[in-house]
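Structure, as structure tokens:
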Amino acid sequence: MNDNLHQLRCFGCGTRISGPEARPDFRCADCGDLFEVDYPGWGLRKGHDRPNPGALKWLWRERRCSSETLDHSGVWRFRELLPILDNFGNAVTLREGNTPLYSLPRAAKALGIDQLFAKHQGMNPTGSFKDTGMTAALSVARERGYKWVACASTGNTSAAMAAYAARAGMRSLVLIPEGKIAWGKLSQAMDYGAVTCQLKTDFDGCVRVLTEIIREAPIYLLNSVNPYRLEGQKTPAFEIAEYFDWTVPDHLIVPGGNLANSSALGKGFRELKELGLVARMPKISVIQATGANPLVRSLADTHGASLEPVEAHTRASAIRIGNPASWRKAARVVQESCGWCLDVTEAEIAIAKAELGSEGLGCEPASAVTLAGLKKLRAQKAVGGGETVVLVLTGHTLKDADYTIDFHRGTLLGEEEIAGNEEQIAALRRDAMSVEATPQAVLSKVKGIA
């Protein structure tokens, strides 16, 4: 399984090409759809070359104690299921992955769920799940001799790409929508040396400009249309299965922005099942913001047959995407796993984020849609109290500190957004207080809160 025998298969028409044959924009020349990485040799699973699931599980566990740099990566530790490089020595790693799975006792009790966990991908090196995909795709770019890499970004992708490019000694170009990115994320791209351009357009406009650039210059595209990104992003599925001793949770709930993450996690669980490492897939549900919900509308209106782009509006900047590239892949994952796709309001996102904070777990706003969505699924009895649920938290709380501060100061939401949630929001707010510099003054405030 260590041989680099992968192909790229068009998700739309099924055309197969070798990796180096892909066009700069990673779109199929025949139908224009996206590719996904496919391993034809894995079709011979009933033959003598079929991997031994028990041996793989043992190997991956043993690598946790290894002193080899590559084994310290939660992505490349599973490299037998990522044979995308000719030489694994070309892998660029910052020890990504191996992120914690936290229990959520307060939220579980409030919702009447026995087993509720959060897979916190914000604990990656640059603070988001994008690192797991970037280590894979940028390693391919490095192996193929590229000097420049580029992305359009709402923040997290640019931070991850710039960091891994810097680590590899490569140059990076970032296009971001002006005024529509959290400063915590933009500062990372700058610090890691990216050439950063703020364009007077939205994220989808940045994508259009970048698509033209890569057709004219030898620059390797690292947005999620790049199928190698999804290969790295599938590995949290392996970590989750490993944590539960190679069973899987009943439900996996994922934020929905450009929709590559849900697509990748679905691919990961699907491959584990096909290779005999797990018995089934979890139900995978995608949660979007009400103001940026094209997949919700697509599944409701056409059962995922088509998608109408929307003008995206949400304070959860990481999922402020109106024309998601991987929507077909995500729709298939939701449907094949019997999951759900729904949206949540700005107030529901803010409340859920504060509730996660009360568990001692900070996350960026886009991550909190998972808990907000779970509340709705639980109310609809789509999630049973005796089932195991894993929420995917995609980014660190410091990615968008202004959002958190504004919530606790009471300046985040408008009156119409707050309506009906006043008491719940007031109970969660923890604004800083101005207090005289005496012990008595501080203690009086503490007694007042108690």
Side-chain angles (χ1 to χ4, degrees), residues 11-12 31-34 36 111 154 202-204 207 224-225 230 249-267 269-270 281-352 365-384 387 389-392 394 416-417 419-421:
F11 191 81
C31 72
D33 211 332
L34 299 180
E36 65 179 2
L111 292 170
T154 58
D202 59 9
F203 171 79
D204 298 312
V207 171
S224 59
V225 295
L230 276 65
D250 298 292
H251 297 271
L252 185 74
I253 303 181
V254 190
N258 216 20
L259 301 174
N261 204 29
S262 51
S263 306
L265 292 168
K267 186 175 190 290
F269 279 112
R270 187 186 308 118
M281 289 180 63
K283 294 179 180 179
I284 300 177
S285 297
V286 175
I287 314 298
Q288 297 191 296
T290 301
N293 63 352
L295 185 64
V296 174
R297 298 185 185 195
S298 170
L299 290 170
D301 296 342
T302 70
H303 301 288
S306 63
L307 180 139
E308 188 69 27
V310 302
E311 185 176 338
H313 297 283
T314 175
R315 294 179 183 86
S317 60
I319 55 173
R320 191 191 292 138
I321 297 171
N323 188 18
S326 297
W327 69 271
R328 291 187 190 275
K329 294 180 181 180
R332 184 181 79 167
V333 166
V334 171
Q335 291 167 338
E336 77 171 326
S337 70
C338 298
W340 290 268
C341 184
L342 50 87
D343 53 17
V344 291
T345 67
E346 296 297 296
E348 288 170 331
I349 296 170
I351 290 169
S367 298
V369 301
T370 55
L371 179 57
L374 173 60
K375 292 181 185 180
K376 287 191 170 182
L377 291 172
R378 184 75 177 110
Q380 297 167 5
K381 300 189 184 306
V383 174
E387 294 184 303
V389 182
V390 174
L391 310 179
V392 177
T394 48
E416 292 184 0
E417 294 172 312
N421 298 292

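In this text the structure is predicted, and so the values were computed from the model without any measurement.
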Original post:
Passes side chain to side chain contact (heavy atoms under 4.5 Å, CB included), I287 versus L371? Steps please.
Top reply: CA-CA 9 Å; I287 314 298; L371 179 57; over 6 Å; no
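- By the 4.0 Å N-to-carboxylate-O rule, R270 lies close enough to E336 to be salt-bridged with it.
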Subject >> Chi angles and distances behind the side chain to side chain contact (heavy atoms under 4.5 Å, CB included) call for K283, D250 >> reply: CA-CA 6 Å; K283 294 179 180 179; D250 298 292; over 6 Å; no
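- Between L295 and A331 the shortest heavy-atom distance is CD1-CB, 4.2 Å.
- You'll find the side chain of L307 reaches within 4.5 Å of the side chain of N323, heavy atoms only.
- The minimum heavy-atom distance between A352 and A372, with the atom names listed, is CB-N, 3.7 Å.
- Side-chain atoms of T345 come within 3.5 Å of backbone N or O of E348 as a donor-acceptor pair.
- The distance from the CD1 atom of I351 to the CG atom of N421 is 4.0 Å, given to the nearest 0.5 Å.
- Nearest heavy atoms, V383 versus R378: O-NH1, 3.0 Å.
- Remark: the backbone N or O of S298 is paired with a side-chain donor or acceptor of T302 at under 3.5 angstrom.
- If you run side-chain contact (heavy atoms from CB on, under 4.5 Å) between T370 and each of L391, V389, L252, only L391 comes through.
- Using modelled atom types, no side-chain atom of Q380 and backbone atom of L377 make a donor-acceptor pair closer than 3.5 Å.
- Residue pairs meeting the salt bridge (charged side-chain N to carboxylate O under 4.0 Å, His left out) criterion with at least one member in residues 309-319, sequence neighbours excluded, are R315-E346, R315-E417.
- Among all heavy-atom pairs drawn from A325 and N258, the shortest one is N-OD1, 2.9 Å.
- Counting only distance, with no hydrogens or angles, the side chain of S285 and the backbone of W340 share a donor-acceptor pair below 3.5 Å.
- At distances below 3.5 Å, not a single donor-acceptor pair connects side-chain atoms of S262 with backbone N or O atoms of V254.
- The two residues I319 and A366 make their nearest non-hydrogen contact at CG2-CB, 3.8 Å.
- In this structure D301 satisfies the salt bridge (charged side-chain N to carboxylate O under 4.0 Å, His left out) test with no other residue, sequence neighbours excluded.
- Without hydrogens or angle criteria, R320 side chain to A312 main chain gives no donor-acceptor distance under 3.5 Å.
- Checked against side-chain contact (heavy atoms from CB on, under 4.5 Å), V296 has the following partners two or more places apart in sequence or in another chain: Q288, N293, C341, D343.
- Side chains of S326 and S263: no donor on one and acceptor on the other come within 3.5 Å.
- One distance of note links CD1 of I284 with CZ of R332; it measures 11.0 Å at 0.5 Å rounding.
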**OP:** Walk me through it: do E36 and K329 pass the test side chain to side chain contact (heavy atoms under 4.5 Å, CB included)?
**Re:** CA-CA 9 Å; E36 65 179 2; K329 294 180 181 180; 4.0 Å; yes
**OP:** Step by step, work out the side chain to side chain contact (heavy atoms under 4.5 Å, CB included) result for H251 and L374.
**Re:** CA-CA 10 Å; H251 297 271; L374 173 60; over 6 Å; no
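- At a threshold of 4.0 Å, the pair R328-D33 counts as salt-bridged, since one of the basic side-chain nitrogens sits closer than that to a carboxylate oxygen.
- Nearest heavy-atom pair, W327 versus L259, reported as atom, atom and distance to 0.1 Å: CA-CD1, 3.6 Å.
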